[in-house]
Novice: 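The following block contains the structure, expressed as C-alpha cells.
Quick note on labels: first sequence line is chain A, next is B, and so on, each numbered from 1.
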2 protein chains.
Amino acid sequence: MDENKKISIAVIKRLPRYFRYLSDLLKEGIERVSSKDLSERMGITASQIRQDLNNFGGFGQQGYGYNVKSLNVEIGKILGLNHGFKAIIIGAGNMGHALANYPNFEGRGFEIVGIFDVDPDLIDTKTNGIDILSMEMLDGFVKNNKVDVAILTLPYQFTREIAEKVVALGIKALWNFSPMDLKLPGDVVIENVHLSDSLMVLGFRLGKLKS
Amino acid sequence: MDENKKISIAVIKRLPRYFRYLSDLLKEGIERVSSKDLSERMGITASQIRQDLNNFGGFGQQGYGYNVKSLNVEIGKILGLNHGFKAIIIGAGNMGHALANYPNFEGRGFEIVGIFDVDPDLIDTKTNGIDILSMEMLDGFVKNNKVDVAILTLPYQFTREIAEKVVALGIKALWNFSPMDLKLPGDVVIENVHLSDSLMVLGFRLGKLKS
DNA sequence: TAGATTGTTAATCGATTAACAATC
DNA sequence: TAGATTGTTAATCGATTAACAATC
C-alpha cells in the first residue's frame with residue numbers, strides 16, 4: 001500500500017464505524033468474520049468493506065475472511081488510537097462538563113488534561129478528577145504541557161477569538177461545538193460538531209414522514 | 001417542483017448550512033446574494049448552490065440573485081422549523097443537561113417539554129425551567145402530551161430498550177447520543193450523533209498531519 | 001482437493017461541476 | 001438596452017457495486 005495515498009473522506013468517516021462493529025464482535029467472542037457477514041450486520045455491501053480495507057492493506061485471507069481481533073487492532077492503529085493525544089476543554093459549561101465526563105475518551109486514545117473557564121465559581125473545582133482552571137492560566141498551561149487538541153465548548157461569540165489564540169499557541173487540532181464553520185489558516189485540523197444541524201436534518205425527515 | 005421527488009441525503013445535510021449562512025448575511029444587513037457570492041463564503045461551487053436550491057423551487061431571479069431574507073425563510077420552511085416539534089430528553093446526566101440548556105432549540109423549531117431520569121436526587125428538580133421527572137412517569141406523560149421526538153442521552157446498555165419503549169408509545173423520531181447505530185423497524189426517523197466517531201476522525205487527521 | 005472468500009479490476013451509478021440559453 | 005445571474009441540461013468526476021481470477 002502507498003502510505004501517502006489520498007484516502008477519501010467518505011472512507012475515513014466509515015473507519016470508526018468498522019471499529020465499533022469489530023469491538024462488538026470481539027465482545028461477543030466471535031473470532032473471524034467475512035466481508036459478507038459484516039456487511040449484513042452493518043447494512044453496507046461486502047464489496048465496499050473490502051474496498052475500504054484495501055486502502056490500508058490486505059488484512060484478510062482468502063477462504064477464511066478476517067480475524068476479528070487483529071482487524072480491530074489494525075483499524076485502531078489506522079485511527080491513531082494508540083497516540084495518547086492530550087486534550088483540553090475550553091468552556092466548562094454543561095457541554096464542557098458532559099465531555100469531561102464522557103466515558104469513551106480514554107478508549108479512543110484521548111486524555112483530557114485540563115479544563116478552562118472564566119467563571120470564578122467553577123475555577124479551582126474539579127470534574128471527573130480534572131482541574132478547572134482560569135482562562136488566564138491557558139497560555140502557561142499550553143506552553144508547559146503537551147496539548148494536542150483543544151475542545152471548544154464556549155459561547156458562540158468567543159469561539160473564533162479563542163480558536164485563533166490556541167492555534168497561535170501551537171495547538172494543531174480543534175474539536176468545535178459552536179454552530180459556526182471554523183476555518184483557520186495553516187495546517188490545523190478542525191472537526192466541527194454541529195448539533196443544531198443534526199437536529200434540523202431530523203426535523204426535515206420527520207416533516208417528510210408526517211406529510 | 002415535484003413535492004415527492006427524492007432528495008439525496010447529501011443535499012439535505014447541506015440545508016442547515018445554507019440556513020446558517022443566510023442567517024448570518026441577514027444579521028449583517030445584506031439584502032441580496034448571488035450564488036457566486038455565497039459560494040465564496042461557504043467554500044462550495046455556485047453551481048452546487050443553484051442545483052441544491054432548485055430541488056425545492058426557483059427562489060432566485062436572473063440578473064439579481066437571491067433575496068437573503070426570503071431565501072432564509074424558504075429554507076427554514078423546507079427544514080420544518082415552523083413545525084413546533086415537542087421533544088423529551090431521556091437521561092438527565094451531563095449530556096441531558098447540556099441539551100436541556102442548549103440555546104438553539106427554540107430557534108430551530110423544537111421545544112423540550114420534559115426530562116426523565118431514574119436518579120431520585122434529580123427527580124422533581126428543574127433545569128432551564130424544565131421538570132425532571134421519574135422514568136415511571138414516561139408512559140403517562142407521552143400519552144397525555146404531544147411528544148414528537150425523544151432525545152436519548154442515557155447509558156449505552158439502556159438505550160436500545162428505552163428506544164423500543166418510546167417507539168411503542170408512538171414517538172416517531174429519535175435523536176440518539178449513544179455510540180450505537182440504533183435501527184428500529186417501521187417508519188421511525190433516527191439521527192445518530194456519534195461524538196466518539198467524530199473524535200476518531202479528528203485523531204486520524206491529526207495523526208496524518210504529524211506524520 | 002474442493003469450497004470459500006479475498007483483493008482487485010471493470011462497470012455502474014450518483015453527485016458535482018461546467019456551460020449556456022433564458023430572462024430579469 | 002446591456003449586463004448580470006439564474007435555472008437547467010450536458011459533461012465530468014468520484015464513489016459504489018459487481019464480477020472474477022487468485023489463493024488460502
Novice: Is the closest basic N to carboxylate O distance between B:Lys172 and B:Asp187 below 4.0 Å?
Specialist: yes
Novice: Mapping B:Val33 and A:Thr45 onto DNA chain D by nearest heavy atom, which one lands closer to the 5' end?
Specialist: B:Val33
Novice: Under 6.0 Å between ring centres, would you say that holds for A:Phe110 and A:Phe85?
Specialist: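 Yes, close enough.
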Novice: Does B:Asn72 use its side chain to pair, donor to acceptor, with the backbone of B:Val68 at less than 3.5 Å?
Specialist: no
Novice: Which part of the nucleic acid, if any, lies within reach of A:Ser34 when heavy atoms closer than 4.0 Å are counted: base, sugar-phosphate only, or nothing?
Specialist: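 The answer is sugar-phosphate, as A:Ser34 gets under 4.0 Å only of primed atoms, P, OP1 or OP2.
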Novice: After noting the C-alpha distance and the side-chain angles of A:Glu111 and A:Val113, does the key distance pass the side chain to side chain contact (heavy atoms under 4.5 Å, CB included) rule?
Specialist: CA-CA 6 Å; A:Glu111 184 191 352; A:Val113 293; 4.1 Å; yes
Novice: What does D:dT23 pair with, Watson-Crick or G-U, if both distances are under 3.5 Å?
Specialist: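 Pairing partner: C:dA4.
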Novice: Would you mind pulling out the nucleotide paired to D:dA10, Watson-Crick or G-U wobble, both distances under 3.5 Å?
Specialist: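 Because both required distances fall under 3.5 Å, D:dA10 counts as paired with C:dT17.
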Novice: Which is more 5' along DNA chain D, the nucleotide nearest A:Ile44 or the one nearest A:Gln62? Just name the residue.
Specialist: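 Here A:Ile44 is the residue nearer the 5' end.
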Novice: Quick test of your reading of the model: are B:Arg41 and B:Asp24 salt-bridged, counting only N-O distances below 4.0 Å?
Specialist: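 No salt bridge links B:Arg41 with B:Asp24.
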Novice: Extract, from 5' to 3' on DNA chain C, the first and final nucleotides lying under 4.0 angstrom from some heavy atom of chain B.
Specialist: C:dA15 to C:dC24
Novice: Is a donor on one side and an acceptor on the other found under 3.5 Å between the side chain of A:Asn145 and the backbone of A:Val147?
Specialist: no
